[in-house]
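The structure appears below as C-alpha cells.
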Amino acid sequence: MIDIRFIRENADLVKAAITNKNEKADIDELLMIDDKRRKLQFEFDNKKALQNQVSGQIAAHKKNKEDATALIAQMSGVADEIKVINSELTAINNEFEAILLTVPNVPFESVPIGRDEASNKEIRVHGTPPAFDFEPKEHIEIATTNDLLDMARGAKITGSGFPVYTRQGAKLERAVINFMLEYHLQKHGYEELGTPFIVNRKAMTGTGQLPKLENDMYLCTEDDLFLIPTAEVPVTNMHMDEILPLAQLPIKYVAYTPCFRREAGSYGKDTKGLQRLHQFNKVEMVRFVEPEVSYAALEEMLIDAEEILQAFGLHYRVVELCTGDLSFAAAKTYDIEVWAPGAKRYLEVSSVSNFVDFQARRANIRYRDSEGKVRFVHTLNGSGVATPRLVIAILETYQNADGSFRVPQVLRPWFDLKV
RNA sequence: GGAGAGUUGCCGGAGCGGUUGAACGGGACGGUCUCGAAAACCGUUGUCCCUUUACGGGGACCCAGGGUUCGAAUCCCUGACUCUCCGCCA
C-alpha cells in the first residue's frame with residue numbers, strides 16, 4: 001500500500017497514477033475518512049490519558065489505605081465512553097483500510113504513460129527469428145505427433161486449460177524446471193524454497209492480489225484458502241511482519257511452484273494448446289533489497305531471466321510495460337516475450353517487477369538500516385521463467401521437417417539423466 | 001477427529017488485578033581496562049500512532065478478537081498457531 005502521509009501530501013499525483021493504471025480508488029473519500037479517523041483517535045487518546053491518570057491515583061490511594069470511592073465513581077462513566085469511541089474507531093479504521101487497500105502502486109517516473117500494451121516500449125531484441133526450409137508447425141501439432149501433451153484428457157478430468165503432459169512431454173517439462181532452478185541457484189546465487197501452494201487471505205493481501213483479484217483465483221471456501229496464482233505470494237510473504245537485519249539483505253529466493261489462475265473474462269483468448277492455462281508451472285525469483293538498490297536489482301533480475309532464454313538459444317525481446325499495462329502492485333515491469341516460430345508471434349514468458357515498498361507496507365516487511373532505523377524493504381520478483389510458453393518456443397524452434405523435435409543441448413543432462 | 005499442555009521483548013525465562021513496556025539471565029552494541037584480545041566492570045538494547053521547530057508530551061501493543069473491572073500481560077469466553085498422547089492416514 002501507499003503511505004497515507006504520502007497520499008495526503010501528493011493527492012493529485014496519486015490520482016493521476018490511478019487514472020494512468022486504469023484503476024479505481026476514491027482518494028477524496030479516503031482522505032475524508034482519514035481526517036475523521038484521526039480526530040476520533042485523538043479523542044480516544046485523550047480519554048485514555050484521563051483514565052490512565054486517575055487509575056494511577058486510585059492505585060496510590062489504595063496503597064495508602066485512603067478512600068478512593070469518589071475517584072472510582074468519577075471514572076465509572078468514562079470506561080463506557082471509551083468503549084463507544086473505540087468501536088467507532090474500529091469501524092472507521094476498517095473502512096479506511098478497505099479503501100487504502102484498493103489504491104494501486106504509483107508507477108516509477110520513467111514508466112511510459114499509456115492505456116494498454118500498444119504503448120509498451122520495446123527495450124531490446126535478442127537474436128533473430130530462426131529460419132526454416134519448411135513451414136514451421138505450431139506446438140500443438142508437434143506435441144500431438146510426438147505424444148507430449150493430452151489436452152482432451154486434461155479437460156476430461158478437470159476442465160479446459162488443465163493440460164496433461166504425457167511421457168516425453170512430462171519429462172521435457174520437468175527437465176526445463178530442473179535446469180532453470182539449478183541455473184539460478186548456481187549462477188545467480190539464489191536460495192531455493194519449496195513453499196505451500198495454498199495460502200491464506202493475509203498473504204494474498206500482502207502481495208496485492210487481494211482485494212482486487214479475488215475473482216481470478218481458486219478459493220477453497222471451507223478453509224478460506226487460495227491456490228496461489230504465482231510463487232510470488234508464498235515467497236514474498238515469507239518475511240511478513242519481520243524486521244530483517246541489514247546483514248541478511250539482499251535476500252534472493254527462487255522457487256518452483258504450480259500456478260493456478262481462473263482467467264475469468266479471458267475465455268476464447270489464446271486458447272490454443274499451452275498458450276493460456278488455468279494451471280501451469282513456473283520458476284520464480286524473489287528479492288528483498290534495500291530501497292537504494294532496488295532499480296539496479298530489477299535490471300539484474302531481468303538479465304537473470306534473459307539468460308535462461310539465451311541458454312536455450314531462443315529469440316526473444318524485452319518490453320517495458322506502460323502505466324496501463326502495469327499490474328496493481330508494480331512500480332515498474334519488464335516483460336520478456338519469446339518468439340514462437342510456428343505461431344509466428346511473441347509470447348510472454350516472464351514478467352520482472354519492482355514493487356518498491358508497496359508490498360513491504362502491506363505485508364509489513366522491514367529491515368534495520370546501518371543507523372539502526374527501521375525501514376520498509378523493497379520487494380521484486382520475476383518469472384525465471386514460466387514453462388508452458390517456454391515449452392512452446394522450444395518445440396517450435398527445435399522442430400524438424402519430419403515433425404520430430406530436438407532436445408536443446410542444455411537440457412540433455414536433465415533429459416537423459418541416468419540412475 | 002478425540003484428550004491435554006502452551007503462546008511474554010533478539011533468545012531463554014519471571015510476572016500477587018493497580019507507577020510493569022514488563023524482573024532476572026544470555027546475546028548484541030558502546031565505553032573503561034589492555035600493545036591487542038579475553039575476562040571483569042559501567043552503560044545502551046522495542047514497534048506503531050498523534051502532537052511539538054526542537055526539548056518534550058500523550059496513546060496503543062505481552063498470539064488475535066470479545067468480555068468482567070474504576071483499572072487486565074495477569075480473571076472469563078471464542079478463535080489461530082505450537083507441542084504431547086490416542087485414532088485415522090500418504
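Letters A, B, ... mirror the listed sequences (proteins, then strands); counts begin at 1.
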Pick base, sugar-phosphate or nothing for A/Arg368, based on heavy-atom distances below 4.0 Å to the nucleic acid. sugar-phosphate
Paired with A/Lys332, the side-chain contact (heavy atoms from CB on, under 4.5 Å) test is passed by just one of A/Asn105, A/Leu298, A/Val356, namely A/Leu298
Regarding the side chain of A/Val374, the nearest nucleotide among B/rG18, B/rU47, B/rC50 is B/rU47
Checking A/Lys252 against A/Tyr190: charged group under 6.0 Å from the ring centre and within 45 degrees of the axis? yes
For B/rC41, the Watson-Crick or wobble counterpart (both distances under 3.5 Å): B/rG31
Pairing partner of B/rC55, by Watson-Crick or G-U wobble and under 3.5 Å for both distances, is none
Gap in Å between the two P atoms, one belonging to B/rC61 and one to B/rA22, rounded: 14 Å
Does B/rC75 have a Watson-Crick or wobble mate here (both distances under 3.5 Å), and if so which one? B/rG67
Tell me whether the guanidinium CZ or amine NZ of A/Arg37 lies under 6.0 angstrom from the six-membered ring centre of A/Phe96 and within 45° of its axis. yes
Quickly work out the A/Phe96 CZ to B/rC49 C1' distance and round it to whole Å. 11 Å
Indicate, with a heavy-atom threshold strictly under 4.0 Å, whether A/Lys83 touches base, sugar-phosphate, or nothing. sugar-phosphate
Do the charged groups of A/Lys202 and A/Asp241 touch, with an N to O distance under 4.0 Å? yes
Send over the distance from A/Leu71 CG to B/rG18 P, rounded to a whole Å. 18 Å
Please report the distance separating the C1' of B/rG46 from the corresponding atom of B/rC62, rounded so that it comes out in whole Å. 12 Å
Electrostatic pair A/Glu81:A/Lys47 at N-O distance under 4.0 angstrom: yes
A/Arg37 CZ - B/rC49 C1' separation (whole Å): 8 Å
Nearest heavy-atom contact between A/Cys322 and A/Asn120 is N-OD1, 2.8 Å
Between A/Glu81 (CD) and B/rG71 (P), how many Å, whole number? 12 Å
Counting the benzene-type ring for Trp, do A/Phe197 and A/Phe260 have ring centres under 6.0 Å apart? no
If we ignore angles and hydrogens, is there a donor and acceptor under 3.5 Å between the side chains of A/Thr379 and A/Gln359? yes
Using the C1' atom in both, what is the distance from B/rC11 to B/rG4, to the nearest Å? 27 Å
Please give the distance between the C1' atoms of B/rC10 and B/rC16 as a whole number of Å. 29 Å
Rounded interatomic separation in angstrom, taking CG from A/Asp224 and P from B/rC81: 13 Å
P atom, B/rC70 versus B/rC81: distance in rounded Å? 36 Å
Counting primed atoms, P, OP1 and OP2 as sugar-phosphate and everything else as base, the B/S/- map of nucleotides 54-63 of chain B against protein heavy atoms under 4.0 Å is ----BSS---
Indicate yes or no for a side-chain donor-acceptor contact from A/His184 to the backbone of A/Gly384 under 3.5 Å, with no hydrogens or angles considered. yes
Nearest-Å distance for atom pair NZ/C1', residues A/Lys65 and B/rG18: 13 Å
Let me know, please, whether A/Ala73 or A/Ala60 comes out on the 5' side of the other along RNA chain B by nearest nucleotide. A/Ala60
Here the distance between atom P of B/rU47 and atom OH of A/Tyr367, to the nearest Å, is 14 Å
Give none if B/rA5 has no partner; otherwise give the nucleotide forming a Watson-Crick or G-U wobble pair with it, both distances under 3.5 Å. B/rU82
Given the C1' atoms of B/rA64 and B/rA80, what is the spacing between them in whole Å? 7 Å
Write down the partner of B/rG12 under the Watson-Crick or G-U wobble criteria, each distance required to be under 3.5 Å. B/rC24
Quantified in whole Å, what is the C1' atom distance between nucleotide B/rA23 and nucleotide B/rU8? 12 Å
Ranking A/Ile4 and A/Ile243 by the position along RNA chain B of their nearest nucleotide, the one closer to 5' is A/Ile243
Rounded P spacing from B/rU51 to B/rU45 in Å: 26 Å
What's the CD-C1' distance between A/Glu371 and B/rG30, to the nearest Å? 16 Å
Across every strand shown, the nucleotide meeting Watson-Crick or G-U wobble geometry with B/rG46 (both distances under 3.5 Å) is B/rC61
